[in-house]
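Since the structure comes first, as structure tokens, the remarks are kept for the end.
Computed over heavy atoms, backbone and side chain alike; hydrogens, waters and symmetry mates excluded. What you see is a predicted model, and the numbers here were worked out from it, not measured in a lab. The chains referred to below are lettered A, B, ... by the order of the sequence lines, with proteins before strands, and numbering in each begins at 1.
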There are 2 protein chains.
Amino acid sequence: MIGNENAVMRLLQYKDTLKKLKSLGFSKVFSDNLADTVGVSPSLVRKDFSLFDISGHKRGGYRIDNLVERLDQILGRNVTQKVIMVGAGKLGSALMNFRAFEEEHIRIVAAFDHDEAKQDAKAKIPVLPMDGLRGYIAENQIQLGILTLPEDAAQRVADIMILAGIRGILNFSPLQLRAPRRCIIRSVNLELELEHLIYLISRTLEDEEASEEDSGRKDD
Amino acid sequence: MIGNENAVMRLLQYKDTLKKLKSLGFSKVFSDNLADTVGVSPSLVRKDFSLFDISGHKRGGYRIDNLVERLDQILGRNVTQKVIMVGAGKLGSALMNFRAFEEEHIRIVAAFDHDEAKQDAKAKIPVLPMDGLRGYIAENQIQLGILTLPEDAAQRVADIMILAGIRGILNFSPLQLRAPRRCIIRSVNLELELEHLIYLISRTLEDEEASEEDSGRKDD
DNA sequence: TAGATTGTTAATCGATTAACAATC
DNA sequence: TAGATTGTTAATCGATTAACAATC
């Protein structure tokens with residue numbers, strides 16, 4: 001129940017799928033269906049559920065309503081989460097308006113930026129000066145921050161956030177942030193993702209060339 | 001050499017670290033150093049290298065220059081990659097100006113959007129109408145696209161890209177895109193990442209409460 | 001030489017799959 | 001009842017770690 005982070009990511013995917021199925025009018029689902037849409041084996045779906053003490057009905061599958069409710073419980077998604085955006089540059093502002101967040105009980109309550117030109121305390125999501133960051137976190141008991149600062153400022157500002165009591169940071173800077181155990185860092189490294197894709201492509205291209213040795217060359 | 005995608009991600013991280021070390025004036029490195037900065041075991045570093053036929057010097061470690069060169073080779077990063085941006089909304093435009101891409105031989109050559117207000121053929125990175133997407137990919141032999149469209153348009157446009165001969169798509173829509181084997185899809189699901197973080201936080205909070213049963217409660 | 005580090009092998013660990021008894 | 005699906009156990013698979021011989 002504690003260890004498996006892959007299982008948690010799959011649980012999140014199951015939940016997404018279930019919501020779609022529900023909106024299509026389904027009320028129950030089998031491990032087979034979920035496995036298909038998420039792209040894993042039915043065994044694994046059942047294993048994941050059993051890992052988190054989720055049970056269904058022999059022969060009757062799972063009731064979608066129950067399942068979603070239980071998943072929300074496990075995943076800590078039964079209350080709206082307040083999140084701050086640290087850095088209001090291009091990426092930060094883009095994420096501030098990200099649709100999917102609103103739909104999922106995730107609410108960005110304020111943003112912080114050093115640049116005065118970007119500050120606007122009256123905006124729907126106020127953009128405040130960096131000075132106020134520490135106080136805001138502490139006063140409003142903010143647990144979660146999204147960090148979209150450039151590499152050179154990232155660690156310094158992260159330290160401030162941690163000092164103020166933040167519990168988790170979703171980090172978009174390419175830096176591997178250091179943090180004490182009470183604050184969890186998850187990083188999304190966009191450059192790395194793209195480079196990974198480049199690797200995968202270059203590998204399939206090699207494979208194709210290799211397999212053409214046998215089959216002769218087709219005209220282009 | 002073929003299977004392990006985790007190893008590939010680590011290779012990319014090693015490369016990043018090596019560049020930083022190099023800019024700090026280092027010319028050689030030991031598996032220990034790399035392990036430390038990336039946060040893995042030295043064994044694993046050596047194992048990863050051996051997996052890709054990278055060798056160093058007994059007792060002398062690895063020469064950073066050689067290593068970076070070899071990694072670029074393996075990772076397909078020895079040529080500049082042309083990439084198109086499909087969708088020029090907030091997220092798309094943010095990524096178009098993403099610093100880290102420029103530094104890594106990744107060049108975004110054009111963007112496409114349905115919205116006329118966003119189109120601008122004269123911009124540094126031209127924003128073109130969606131009609132031109134298929135032709136542009138075919139004529140310029142574009143291999144890579146970044147997809148930042150909303151869910152409802154994502155699959156339809158991805159199909160067009162695939163038809164035109166694209167080889168890889170970095171997908172930011174929350175949809176699990178379907179594609180034939182010749183096109184590789186990698187997805188970044190920002191909502192999922194944030195929800196994962198929420199789960200991790202809610203779990204550590206529970207743990208703390210649990211451990212307070214023993215130790216008594218500290219005042220807040 | 002003595003000491004340090006690589007490269008590889010074998011051991012361990014953990015996650016996934018396959019199989020099947022339980023049961024609706 | 002016969003058939004289908006869950007939940008769990010054991011088997012498999014793959015990735016990581018530990019250990020150490022080779023060697024600079």
Quiz item: Given that both distances must come in under 3.5 Å, which nucleotide forms a Watson-Crick or G-U wobble pair with D:dA15?
Solution: C:dT12
Self-check item: Complementary nucleotide of D:dA21, counting Watson-Crick and G-U pairs under 3.5 Å
Solution: C:dT6
How long is the line joining [atom1] of [X] and [atom2] of [N], in whole Å?
X	N	atom1	atom2	answer
A:F30	C:dC24	CZ	P	15 Å
A:L51	C:dA15	CG	P	9 Å
A:L67	D:dT6	CG	P	11 Å
A:K28	D:dT6	NZ	C1'	13 Å
B:R10	D:dT17	CZ	C1'	12 Å
B:D32	C:dG7	CG	P	14 Å
A:R46	C:dA21	CZ	P	15 Å
B:L44	C:dT8	CG	P	15 Å

Taking the minimum atom-to-atom distance to the side chain of [X], which one of [options] wins?
X	options	value
B:Y62	C:dG7, D:dA15, C:dT17	C:dG7
B:R59	D:dT16, C:dA4, D:dG3	C:dA4
A:N4	C:dG7, C:dA19, C:dA15	C:dA15

Quiz item: Would you say B:N6 reaches D:dG14's phosphate, i.e. side-chain N/O to OP1/OP2 under 4.0 Å?
Solution: no
Exercise. Report yes if at least one side-chain N or O of A:S31 is closer than 4.0 Å to OP1 or OP2 of D:dT6; otherwise report no.
Key: yes
Quiz item: Can you tell if the side chain of B:L67 reaches within under 4.5 Å of the side chain of B:Y14, non-hydrogen atoms only?
Solution: no
Quiz item: Is there a side-chain contact between B:F52 and B:V8, using heavy atoms and a 4.5 Å cut-off?
Solution: yes
Quiz item: If only atom types and distance count, is the side chain of B:Q155 paired as donor or acceptor with the main-chain N or O of B:R178 below 3.5 Å?
Solution: yes
Quiz item: Hey, is the main chain of A:L175 close enough, under 3.5 Å, to the side chain of A:S173 for a donor-acceptor pair?
Solution: yes
Quiz item: Between B:A158 and B:L177, which heavy-atom pair has the shortest distance, and what is it?
Solution: CB-CD1, 4.0 Å
Quiz item: At under 4.0 Å between heavy atoms, what does A:S41 touch on the DNA or RNA strands: base, sugar-phosphate, or nothing?
Solution: sugar-phosphate
Quiz prompt | 5' priority, DNA chain D, between A:K47 and A:K58 [closest heavy atom] | solution = A:K58
